[in-house]
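All ligand and atom numbering here is 1-based and tracks the order in the structure. Any value given below was found using the heavy atoms of this structure, including those in side chains, with hydrogens, waters and symmetry copies removed.
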Amino acid sequence: MRQVIAGNWKMNGLTADAQALAQALRAGVEHAPTQAEVLVFPPYTQIATVARILAGSGVGWGGQDCHMAENGPHTGDISPDMLRDLGATHVILGHSERRRDHNELDETVREKTVEALRAGLIPIVCVGESEEQRAGSQQEDTVGWQIKGSLPDGFGGADGSGGLVAYEPVWAIGTGRVATVEDIAAMHAFVRGELVRQMGETAGRGIRILYGGSVNAANAASVLAVPEVAGALVGGASLKATDFLTIIAATTGLPAA
Ligand code: 13P
């Protein structure tokens, strides 16, 4: 399966910024075609703009979150069907910033994941320990519980196309402190083991595991070469087209076994 390079724009970008970024991205992938699966996650307000620019480019797009209901009285929320309506293929769920800013629990993330799958979106479910949890050697317990609580039955599907997991240690997000390749290798191996234990051999082995947390143009090649790293979820560096294109170019094609 192809490596995935996903750009999470978070709460950044007015129309002119989103247009410029999407246009530069389109020009970049047309100039240097890639084996990687490339996705961007603009803020809701820019998805339609980005979709118009990226349509037919091979670069896909998705939402940074969605509600767990199909529609109804949920002021300010967005349903998975609304994302599908804009051509989105993926949705990020359970990002640590959602867990922090909106008190999202594993149960919430699981309900959203169920609804996203029902609507035909591919969820990218985020897990990862805080700085305190790592300091207390709680990273495996934390991530193991998050996987157990956040992923519904059937996640990942038979061929892995029904969901991805992103391991994003909270202390590495937006801090410039990328995890070491040894830490990444250890946690990805742990996540793989948990997925196999909880989802069974076939589904558990097929789910792609992305790394996120201060991935940038300089460190992407070493991160993407780590065993079990099937791609990167990129925040800050995805806002600069040249950096994001450099990260795309750093993919090895297939994830290492
Ligand atoms: P940074 O790449 O800015 O550390 O953000 C990572 C992230 O949270 C992606 O979802």
Enter the distance from Glu37:CD to Ile122:CD1 here, rounded to the nearest 0.5 Å.
->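 One gets 7.0 Å once the value is rounded to the nearest 0.5 Å.
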
Contact with ligand 1 for [X], non-hydrogen, under 4.0 angstrom:
X      : result
Gly212 : no
Ala172 : yes
Ala237 : no

Geometric N/O contact [X] with ligand 1, under 3.5 angstrom:
X      : result
Val234 : no
Gly213 : no
His95  : yes
Glu168 : yes

Nearest to [atom], what protein heavy atom do you find, and at what distance?
atom                   : answer
atom 5 (O) of ligand 1 : Lys10 NZ, 3.1 Å
atom 2 (O) of ligand 1 : Gly235 N, 2.8 Å
atom 3 (O) of ligand 1 : Gly236 N, 2.8 Å
atom 4 (O) of ligand 1 : Gly174 N, 2.6 Å

Around Asp101, counting heavy atoms of other residues, nucleotides and ligands shown, do more than 12 lie under 6.0 Å from its CG?
-> yes

What do we get for Asn8 next to ligand 1 when only non-hydrogen atoms under 4.0 Å count, side chain, backbone, both or neither?
->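 Just the side chain.
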
Taking [X] for its side chain and [Y] for its backbone only, find out whether a donor-acceptor pair lies under 3.5 Å.
X      : Y      : value
Arg197 : Gly204 : no
Asp65  : Asp77  : no
Asn219 : Asn216 : yes

Do Thr142 and Gln139 have a side chain donor and acceptor closer than 3.5 Å?
-> no

How about Asp106 and Ser150: does a side-chain donor come under 3.5 Å of a side-chain acceptor?
-> yes

Pair up each side-chain donor or acceptor in residues 161-174 with any protein partner under 3.5 Å, not counting sequence neighbours, and list the distances.
| unit_1 | atom_1 | unit_2 | atom_2 | d |
| --- | --- | --- | --- | --- |
| Ser161 | OG | Asp159 | OD1 | 2.7 |
| Ser161 | OG | Asp159 | OD2 | 3.3 |
| Tyr167 | OH | Glu129 | OE1 | 2.9 |
| Tyr167 | OH | Glu129 | OE2 | 3.0 |
| Glu168 | OE1 | His95 | NE2 | 3.0 |
| Trp171 | NE1 | Glu129 | OE2 | 2.9 |

